[in-house]
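Here's the structure, in structure tokens; my notes come after.
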Amino acid sequence: MSVAMKNLKTFPGGLHPPDNKQWSADKPIEDCPMPDELVIPLAQHIGAPAEACVEAGELVKKGQLVGTAKGFVSVPIHASTSGEVVAVEPRPHPMGKALPAVVIKPDGEDAWLPGLQGGDPASLSPVELRDRIRDAGIVGMGGATFPAHVKLSPPEDKPIDTLILNGVECEPYLTADHRLMLERPEAILGGIAILQKILGVKRTCIGIEANKPDAIEQLTAATSDLPIEVVPLQVKYPQGAEKQLILAITGREVPSGGLPMDVGVVVQNVGTCTAIDDAVRRGLPLVERIATITGPGVVEPKNLRIRVGTSLQYLVDQCGGLKGEPAKIIMGGPMMGMAQLSLDVPATRGTSGLLLFTSENVPVRPEGPCLRCGRCVRACPARILPTTIAAYARLDLTDEAEAYHAMDCIECGCCTYSCPAALPLVQAIRGAKGAILAKRRKG
Ligand code: SF4
Ligand code: SF4
């Protein structure tokens, strides 16, 4: 089946970077072998980090609680295999500093905690289903890592009528969600049924970019008798950003400073859906995920099922190693991912991919003065003025940056990517957002 680009839904602004998915799109998901050590960070989500509830020397089973949630916007953390806790201490974290982690030496048995039990969603109430999702530590698997149970608890004055499943995967290089849609459609549909029951929505859509015609075809066939629409979308970055996805599918615009629930919508990633299905029907906490290990710097790109806490170096080793000294390491996609200084950090629940570039693939563009060409403005999907906000940010004029809606920036990187003067616009705007938040906290 081919999906014609013409007349497909999309959003204003955005870009068409080369998608570079060809290296891994046809690679079936492989199980990553067991590493010698798992470093499981207690901060893997938006919100309060979990607090360790095990000590060095304890034996744990796979799926056992090793960190308890600290508050509503937080999630528990579980052991990704069975073995001995050898340390509870700060370890290098993808955020760029040492943060508390539970370190496990695997016993090789990979034995689940006895008593983990699934349930029939039909016999569980919406509240019970949401509690299972919370207790399993489910977070947004697209990389945002926002606790799923929080999104599924809208206040009474924000009725939700639409559920959107995000199968867009618009970041170049990444193919983990694409493979998941091809290889585990039944788990995605199982997760959708659970979400529909919790939210009581009238409309459910799965948004997929038109560069994944096989996934569109498969899910269209699988949902033909279900109250679910598969919506092919134009291939454009950042089509998978929440606000842009909602606008493309429903025509509703999330207001400045607002959330999807303000327009009656909840968005969940397709990977989150499979994790929800595993949590409810099989009783499994979130201890593994699919990640794409790719880029011109890695010998054999792959889609791997990885245990949370596996080191990035170990993941690269499973893909034949590096082609040379890496000039750039990115956790996640090239547009919104996090640059890493070293491979000596663990993969987390939010690790959708790992990209490796050698120096030939990282062009150095000298920064110049703004040419007033307006490309950044045309590319900005948030319809704000990147060049103006960045200029205020560079002058520490926080109030002016806020007045120009800096907080509506979704940090997609389209402005920086499109700028012929190579100005680091998104970095400057991110700095302004931090300053605005710090000012708001002070009151
Ligand atoms: S200003 Fe923000 S939202 Fe707009 S293009 Fe730049 S990074 Fe994206
Ligand atoms: S794209 Fe770059 S050079 Fe063009 S207006 Fe924006 S900041 Fe200036």
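The figures that follow rest on heavy atoms only: side chains count, while hydrogens, waters and symmetry mates do not. Atoms within each ligand, like the ligands themselves, are counted from 1 in listed order. Owing to the predicted nature of the structure, the values given are computational and were not obtained by experimental measurement.
Taking every non-hydrogen atom of Leu423 and a distance limit under 4.0 Å, the qualifying atoms of ligand 2 come out as 7 (S). Proximity to Pro420 (heavy-atom distance under 4.0 Å) selects the following atoms of ligand 2: 1 (S). Close contacts of ligand 2 with Arg372, meaning ligand atoms under 4.0 Å from a residue heavy atom, involve 5 (S), 8 (Fe).
Although no hydrogens or angles enter the test, the distance criterion places a donor-acceptor pair under 3.5 Å between the side chain of Lys21 and the main chain of Leu174.
Scanning all protein heavy atoms for the shortest distance to atom 8 (Fe) of ligand 2 gives Cys370 SG, 2.3 Å. The closest protein non-hydrogen atom to atom 3 (S) of ligand 2 is Leu371 N, 3.2 Å. At the top of the distance list for atom 1 (S) of ligand 2, counting protein heavy atoms only, stands Cys376 N, 3.4 Å. The closest protein non-hydrogen atom to atom 2 (Fe) of ligand 2 is Cys419 SG, 2.4 Å.
For atom 8 (Fe) of ligand 1, protein N/O/S neighbours under 2.8 Å (waters excluded) are Cys412 SG.
Among the atoms of Cys373, none of the N, O or S atoms falls under 2.8 Å from atom 8 (Fe) of ligand 2.
Annotation for Leu395: atom CG counts as buried by contact number, over 12 foreign heavy atoms lying within 6.0 Å. Residue-environment remark: CZ (Arg372) stays at or below the threshold of 12 foreign heavy atoms within 6.0 Å. By the neighbour-count criterion of 12 heavy atoms within 6.0 Å, atom NZ of Lys158 is densely surrounded, having more than that number from other residues, nucleotides or ligands. The number of heavy atoms from other shown groups lying within 6.0 Å of NZ (Lys328) does not exceed 12. Dense packing is recorded around CZ of Arg252, with more than 12 heavy atoms of other residues, nucleotides or ligands lying under 6.0 Å away.
Taking the six-membered ring where the residue is Trp, Trp23 and Tyr173 present tilted rings, their angle falling between 30° and 60°.
Residues Thr204 and Gln196 have side chains that bring a donor and an acceptor to within less than 3.5 angstrom of each other.
Using a 4.5 Å heavy-atom cutoff, the side chains of Cys419 and Leu425 are in contact.
For an aromatic pair to be called close, the ring centres must be under 6.0 Å apart, and Tyr237 with Phe11 fails this.
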